[in-house]
K.L.:
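Sharing a structure here in structure tokens format.
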Amino acid sequence: MAAVFALVLFARISGLIVAGLVIFWALVFQSSFLPHHSSSPQDLIYAILHPLLMVIGLIIISGEAILVHRWLPGSGNLKKSVHLCLQGVALASGIFGIWTKFQSQKGVVANFYSLHSWMGLVCISLFGAQWVMGFMSFWQRGEKRRVRQKILPWHVFVGLYTYGLAIATAETGLLEKLTLLQMRTTTNVSKRSPESFLVNGLGIGLAMLSGIVICAAVSPKRPLISKIMHSQSNSFSS
């Protein structure tokens, strides 16, 4: 149990570091977020909101929702309700984050040409389907227990897969953004510039965060040895 709480703590620390790096990047290097051949303050706001909403909203809050069952005391209904609400906030952040890309002056199609954009659409679609499935299967009390037990492993698998896909999508977005910045002659972002190190550090932070969250999610609440000893003591007592 102590190991699970340690993983949850490390996940939150990693989440705070990632959130801090994203906010620092958005505040200090605002010129890098301004779309090419555009000086509109509105375009700048939309460009900054996209990484903030997708990383802090979709990834960090979603990771916290995944870990709810590991740290939150109380009944199962309480845990499910908090999990559902946090995932709803994460889903809304992801939808709004994608919506910001539709506001560019270049139009809709121009912003959905890359692997990052395609992965983002697949990820948010899976996330929405997962949230609806979770609501219908686990929040509605009219569902039979056998059906819910059959759906639960798939719900967990799709949830962790979608979370990993969100991390991979963010990593491709960082790579795409950094590549474009280094190719631009107006931004002067070299491979060894502070901004390049910041973006690379953000990518490493996201990779560490995903590993810790997934490890905490799949780790048993009690060690396997203690479970075996507990079952053996029960069999001897009987």
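Residues take their numbers from the sequence shown, with the count starting at 1.
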K.L.:
Aromatic rings H69 and H83: how do their planes relate, parallel, tilted or perpendicular, breaks at 30° and 60°?
P.N.:
tilted
K.L.:
Just by distance, no angles: are the side chains of S193 and S196 close enough, under 3.5 Å, to form a donor-acceptor pair?
P.N.:
yes
K.L.:
Is it the case that E64 and W71 place a side-chain donor and acceptor less than 3.5 Å from each other?
P.N.:
yes
K.L.:
Taking all non-hydrogen atoms of both residues into account, name the closest pair between L58 and S93 and its distance.
P.N.:
N-CB, 4.2 Å
K.L.:
Between W131 and F127, does the ring centroid distance fall short of 6.0 Å?
P.N.:
no
K.L.:
Looking at T169 and C123, what are the two nearest heavy atoms and their distance?
P.N.:
OG1-CB, 4.3 Å
K.L.:
Are Y113 and W118 close enough that their ring centres sit under 6.0 Å apart?
P.N.:
no
K.L.:
Please name the pair of heavy atoms, one in S210 and one in I167, separated by the smallest distance, quoted to 0.1 Å.
P.N.:
CB-CG1, 3.5 Å
K.L.:
Compare every heavy atom of A11 with every heavy atom of L67, then report the nearest pair and how far apart it is.
P.N.:
CD1-CB, 3.7 Å
K.L.:
So I17 and L209, side-chain contact (heavy atoms from CB on, under 4.5 Å) or not? Walk me through it.
P.N.:
CA-CA 9 Å; I17 292 174; L209 174 63; over 6 Å; no
K.L.:
Would you tell me whether E176 and S114 have side-chain atoms, one donor and one acceptor, within less than 3.5 Å of each other?
P.N.:
yes
K.L.:
Closest heavy-atom contact between I60 and G15?
P.N.:
CD1-O, 3.3 Å
K.L.:
Could you tell me whether M119 atom CE has more than 12 heavy atoms of other residues or ligands within 6.0 Å of it?
P.N.:
yes
K.L.:
In terms of side-chain heavy atoms, does S62 have a donor or acceptor partner in Q87 at a distance below 3.5 Å?
P.N.:
yes
K.L.:
Locate the shortest heavy-atom distance separating I61 from G57; write the atom from each residue and the value.
P.N.:
CB-O, 3.2 Å
K.L.:
Once the angle between the rings of F96 and W99 is folded into 0 to 90°, is it parallel (under 30°), tilted (30 to 60°) or perpendicular (over 60°)?
P.N.:
parallel
K.L.:
Counting distance only, does the side-chain N/O of R70 pair as donor-acceptor with the main-chain N or O of F5 below 3.5 Å?
P.N.:
no
K.L.:
I'd like to know whether CZ of F29 has more than 12 heavy-atom contacts from other residues, nucleotides or ligands below 6.0 angstrom.
P.N.:
yes
K.L.:
Answer yes or no for K191 and F197: cation-pi contact, defined as NZ/CZ to six-membered ring centre under 6.0 Å and angle to ring axis within 45°.
P.N.:
no
